[in-house]
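A note on names: the letters A, B, ... follow the listed sequences, proteins ahead of strands, and every chain is numbered from 1.
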There are 2 protein chains.
Amino acid sequence: MLSNRQLLVLQVIIDDFIESAHPVGSRAISKREDISYSAATIRNVMADLEDMGYLEKTHSSSGRVPSEKGYRYYVDHVIGPTIKNGKINIMKHLIQDEFMELEKLVQKSAEVLSDLTSYTSIILGPEIYDTKLKQLQIVPLSQHTAVAILITDTGHVEHRSFSIPAELHASDLEKMVNILNERLQGVSLVRLPEVLNSEVLSLMKIYVNDFEKAYDYLKSAFFNEQPSKLYIGGKTNILMQPEFKDVDKIRSFYSMMENENEVVNLLRNPQNGIQVTIGHENKLEAIKDFSLITASYHLGDDQMGTIALLGPTRMEYRKVITLLNALSNEMTEALYLWYKNNG
Amino acid sequence: MLSNRQLLVLQVIIDDFIESAHPVGSRAISKREDISYSAATIRNVMADLEDMGYLEKTHSSSGRVPSEKGYRYYVDHVIGPTIKNGKINIMKHLIQDEFMELEKLVQKSAEVLSDLTSYTSIILGPEIYDTKLKQLQIVPLSQHTAVAILITDTGHVEHRSFSIPAELHASDLEKMVNILNERLQGVSLVRLPEVLNSEVLSLMKIYVNDFEKAYDYLKSAFFNEQPSKLYIGGKTNILMQPEFKDVDKIRSFYSMMENENEVVNLLRNPQNGIQVTIGHENKLEAIKDFSLITASYHLGDDQMGTIALLGPTRMEYRKVITLLNALSNEMTEALYLWYKNNG
DNA sequence: TATTAGCACTCAAGTATCAAGAGTGCTAAC
DNA sequence: GTTAGCACTCTTGATACTTGAGTGCTAATA
């Protein structure tokens, strides 16, 4: 347990370092208005904090720098309790645009978020779990090709072109689409493959010649790859940070960002609320120098998606956490409204 | 006009420099098997080439480095004549996938291209000028919202969600869609706004209540923004190049790449064939250190799109130009086949 | 006359040395 | 318990020196 004075010093050092990116010395601290101790006293406190693992030196006679443990303590005990559950109305003007699709809205939010901080923002989702199939259409383009279009009740549209096998007759295709629409309308997307197997397959056997081929086509066209909707904003922001002067670091960061799967895995956040992962707490090698703050947004009980900010461990935690918390609330609210209008 | 010897030396220097990224000295050249002159002779030649502006020194006693004029000469007179109009079958396996959409195919090509070189690849298009509208659909999602879907005869799908104004009745909406489909089917996309104005507007006046509102909605939903289909591959590749150690350069490069419009403008290439822009020949400040090689691919007479590679001025011109030339041929052929199947 | 060997000269880049400054830890005094 | 004082450490930037690669020029050579 830290004494009040230790806590104060830790806090001041972290605040200072977050702002300046330079190691903080005892004299600088003792000069501050809110500190009434001499440099020597501060030095003693700092030595204690270092022994406890909250601070580090860059070399034997340097000022102190927060360790990851220090940041952890700072986030958990200093910032955490002060966060109010507010909103800032970042998205207000975005939501008002009636043409705005859900996805555009999210994308826009990612941009705003990265502009507001100087970090990289990542937004995952929304994955609407009880999204239901609204309509399935197959529009023939020519004798050999057609485009399949899947529309959900949330206005999300997926499409896939495919060639029509010579064996499959146009009439069969039509029948198939009719069966599918009849049986699958209103079925939630996650249950689609299941229902397809249990209910539709048998029907197709009866009515559609060469149903297997058709079925295979259908399945591969829609139900294989679930594209994760990932929006990244401000990828160049980390280049502003003094800790990323090193080209190798930059490269490993950008390589990671280009790999969607890795980023998605990073964000899969089982817990609710704000989640802070500092430096080596991150499982991914490429971001051992980074901190990642994630927040989820919801509709009802289902987690819908994740907003995150990625920056150096020397991050403006207070600002970022407040912002992310607010935005997550706003998005939850916006989704609720949006959904009410569309439900 | 350069003498044979001068040309030889220029060529050797450029080849060497492209490979090593280090200034090339006279001794190194004279040691080469294909060079039978002493270092002193080479020095004289180099001095001449420098006077003519084809070479530069990095400092008064350094080896020589090609100037932009040098590269220009090299590209125009050394490489240009040797390029054969070949194909390499990069895309062969890509095209065989029957599910592949045109856009995916292009995207994949961009990836392959950047993997094959160590530069950044940019592909624009395909913009199919005589793409025709196949079908227009409006699927209501709820009382207040609907999603409009536009399908072209090339299998391209655009969609936009919008809210239905209270004043607009469902029956009107339906009527409108019917009118639109009837009148606009088969109309080429570029002529869409025009035909909309001339033919459809008057019809709508007659049959649809509150046609103006509906018309406005429609227009804003589809005909405003023409999304340019831009695919970029290997953005991290330039970080491998030794000339981009400087964080500022990296930042300005990535900032530019994030701005789609700028990139698109870069590629709008009025001419056919391969186009090489070296260093300061580029209009965009951010790529004054880069060379850009563009090639167009076609269907018939219309230019359809552009493939490009962006790398340092010290680029493997021979390899890149050969590759791009081949790929442009392949894409033209692939499009032809694709179109034949779909026409 | 064209080529080459030789030599003095230049510059970049790496290395060593030094001084200044910021900061520490410890001790002794308050 | 707090602080002043002091010796000590380490970084940083400046300066100088060395080395090596490379040049330009001149005079000798084929």
| message | Looking at every heavy atom in both B:Tyr71 and B:Arg314, which two are closest together, and how far apart are they? | response |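 For B:Tyr71 versus B:Arg314, the nearest heavy atoms are OH-CA, 3.3 Å.
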| request: Drop me the distance from A:Leu266's CG to A:Asn282's CG, to the nearest 0.5 angstrom. | output: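 Atom-to-atom, A:Leu266:CG and A:Asn282:CG are 6.0 Å apart.
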| query | 5'-most contact on DNA chain C: A:Glu50 or B:Ala39, nearest heavy atom basis? | reply | B:Ala39
Length of the line joining [X]:[atom1] and [N]:[atom2], which is rounded to integer Å:
X       : N      : atom1 : atom2 : result
B:Tyr37 : C:dT1  : OH    : C1'   : 14 Å
B:Phe17 : D:dG22 : CZ    : C1'   : 16 Å
A:Arg5  : D:dT3  : CZ    : C1'   : 11 Å
A:Arg64 : C:dG25 : CZ    : C1'   : 9 Å
A:Ile42 : D:dT2  : CD1   : C1'   : 11 Å
A:Glu56 : C:dG23 : CD    : C1'   : 17 Å
B:Asn44 : D:dG24 : CG    : P     : 9 Å
A:Leu55 : C:dT24 : CG    : P     : 11 Å

Report the nucleotide, chosen from [options], that has the shortest atom-to-atom distance to any side-chain atom of [X].
X       : options                : answer
B:Ser61 : D:dG22, D:dG24, D:dT2  : D:dG22
B:Lys57 : C:dT3, C:dG23, D:dT23  : D:dT23
A:Ser60 : C:dG25, D:dG24, D:dC10 : D:dC10
B:Met46 : D:dT2, C:dT3, D:dT23   : D:dT23
A:His59 : D:dT11, C:dT10, D:dA4  : D:dT11
A:Arg43 : C:dC7, D:dC10, C:dT24  : C:dT24

salt_bridge([X], [Y]) N-O dist < 4.0 Å:
X        : Y        : result
B:Lys249 : B:Glu243 : no
A:Glu56  : A:Arg64  : no
A:Lys235 : B:Glu258 : no

| Ring centre gap for B:Phe244 and B:Phe290 strictly below 6.0 Å | yes
| query | Would a line drawn from the ring center of A:Tyr54 to the ring center of A:Tyr74 be shorter than 6.0 Å? | reply |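 A:Tyr54 vs A:Tyr74: aromatic centres not under 6.0 Å.
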| message | Under 4.0 Å, heavy atoms only, any strand: does B:Ser62 hit a base, just the sugar-phosphate, or nothing? | response | sugar-phosphate
| note | Residues in residues 22-33 of chain A with a heavy atom under 4.0 Å of DNA chain D, by number, are none
| request: Would you indicate, yes or no, if C:dT4 has its OP1 or OP2 atom less than 4.0 angstrom from a side-chain nitrogen or oxygen of B:Thr41? | output: yes
